[in-house]
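Report on the structure given below.
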Amino acid sequence: DQQVKQNSPSLSVQEGRISILNCDYTNSMFDYFLWYKKYPAEGPTFLISISSIKDKNEDGRFTVFLNKSAKHLSLHIVPSQPGDSAVYFCAASEETGGGNKLTFGTGTQLKVEL
Amino acid sequence: DTGVSQNPRHKITKRGQNVTFRCDPISEHNRLYWYRQTLGQGPEFLTYFQNEAQLEKSRLLSDRFSAERPKGSFSTLEIQRTEQGDSAMYLCASSPDSFYEQYFGPGTRLTVT
């Protein structure tokens with residue numbers, strides 16, 4: 001039972017254009033959402049996050065949108081750069097034992113072409 | 001702030017052997033998490049420590065797995081009697097209290113032959 005889904009395993013965009021990565025979730029107990037970027041042979045690197053009480057958060061070229069009624073979030077990268085090529089994971093947080101357990105999607109491989 | 005470190009980075013072991021991994025979190029991060037990632041999947045939560053107390057364990061963490069954080073600083077994850085299905089990347093993450101964002105180490109890649 002996959003509670004966080006990234007239905008696009010890969011995405012290819014041209015440099016300078018917008019990249020849109022999508023994520024759906026099913027668990028209403030998730031209260032915070034995060035995007036991580038991962039290069040081969042490295043651990044995931046935190047990129048941007050959004051609270052469940054907001055619908056948009058922006059940080060430079062990266063914007064995350066949350067549609068709580070649809071249980072859908074998306075990450076927009078504009079303009080896309082070749083260095084953005086990586087695997088992007090959507091993660092959802094729920095409280096556990098006083099901490100926050102993250103549930104990850106399966107990732108989307110983004111390739112930004114020249 | 002040197003980031004989360006994990007040792008070893010790679011471990012190859014034979015089925016049935018025991019292995020132990022170490023994680024050093026970012027200093028002053030009270031929360032420490034272990035995750036496991038297999039090919040084509042996202043990381044899956046294994047266990048969580050608040051200081052030295054292990055407060056949550058996933059059902060993925062079978063009896064062959066044990067984790068400790070004896071002084072509330074570094075943590076170890078031990079797998080006894082390894083099986084081929086244990087082959088995965090083991091990731092450690094840490095965060096300060098009241099922080100949603102978790103900061104990951106580079107991982108330990110385990111291969112069981």
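Taking NZ of A:K38 as the start and CZ of B:F104 as the end, the distance is 10.5 Å to the nearest 0.5 Å. The distance from the CG atom of A:N100 to the CZ atom of B:R31 is 5.0 Å, given to the nearest 0.5 Å.
By the rule that hydrophobic residues join a cluster once side-chain heavy atoms approach within less than 4.5 Å of another member, A:F65 and A:L47 end up as members of separate clusters. Both A:L75 and A:L73 belong to a single network of hydrophobic side chains, linked directly or stepwise wherever heavy atoms of I, L, V, M, F, W or Y lie under 4.5 Å apart. By the rule that hydrophobic residues join a cluster once side-chain heavy atoms approach within less than 4.5 Å of another member, A:V112 and A:L11 end up as members of one cluster. The hydrophobic cluster containing B:F49 also contains B:F65, counting ILVMFWY residues as joined when their side-chain heavy atoms lie under 4.5 angstrom apart, directly or transitively.
Remark: A:E95 CD is packed, more than 12 non-hydrogen atoms of other residues, nucleotides or ligands lying under 6.0 Å away. Other residues, nucleotides and ligands contribute only 12 or fewer heavy atoms inside 6.0 Å of the CD1 atom of B:I12. A 6.0 Å sphere centred on CD of A:Q14 holds no more than 12 heavy atoms belonging to other residues, nucleotides or ligands. A:R17 CZ: 12 or fewer foreign heavy atoms inside a 6.0 Å radius. No more than 12 heavy-atom neighbours from other residues, nucleotides or ligands sit within 6.0 angstrom of CZ on B:R15.
Proximity to chain B (any heavy atom under 4.5 Å) is restricted, for A:L34, to the side chain, taken from C-beta onward. Interface remark: B:Y100 contributes backbone and side-chain atoms alike to the contact with chain A (heavy atom separation under 4.5 Å). Using a 4.5 Å cut-off between heavy atoms, B:Q37 touches chain A through its side chain atoms alone. With a threshold of 4.5 angstrom between heavy atoms, B:F99 approaches chain A through N, CA, C or O but not through any side-chain atom.
Put simply, the side chain of B:R109 never gets that close to the backbone of A:A41: no donor and acceptor are under 3.5 Å apart.
Inter-residue side-chain proximity for B:P43 and A:Y36 is flagged as unmet; no heavy-atom pair is nearer than 4.5 Å.
The greatest number of non-hydrogen atom pairs below 4.5 Å with chain B, out of A:G99, A:G105, A:S93, is found for A:G99.
The shortest heavy-atom contact between A:G43 and B:L91 is CA-CD2, 4.1 Å.
Side-chain contact of A:Y32 with B:E101: a donor-acceptor pair under 3.5 Å is present, judged by distance alone. Between the side chains of A:T106 and B:Q41, no donor-acceptor pair is found at a separation under 3.5 Å.
Taking the ring centroids of A:F104 and B:F45, they lie at or beyond the 6.0 Å cut-off.
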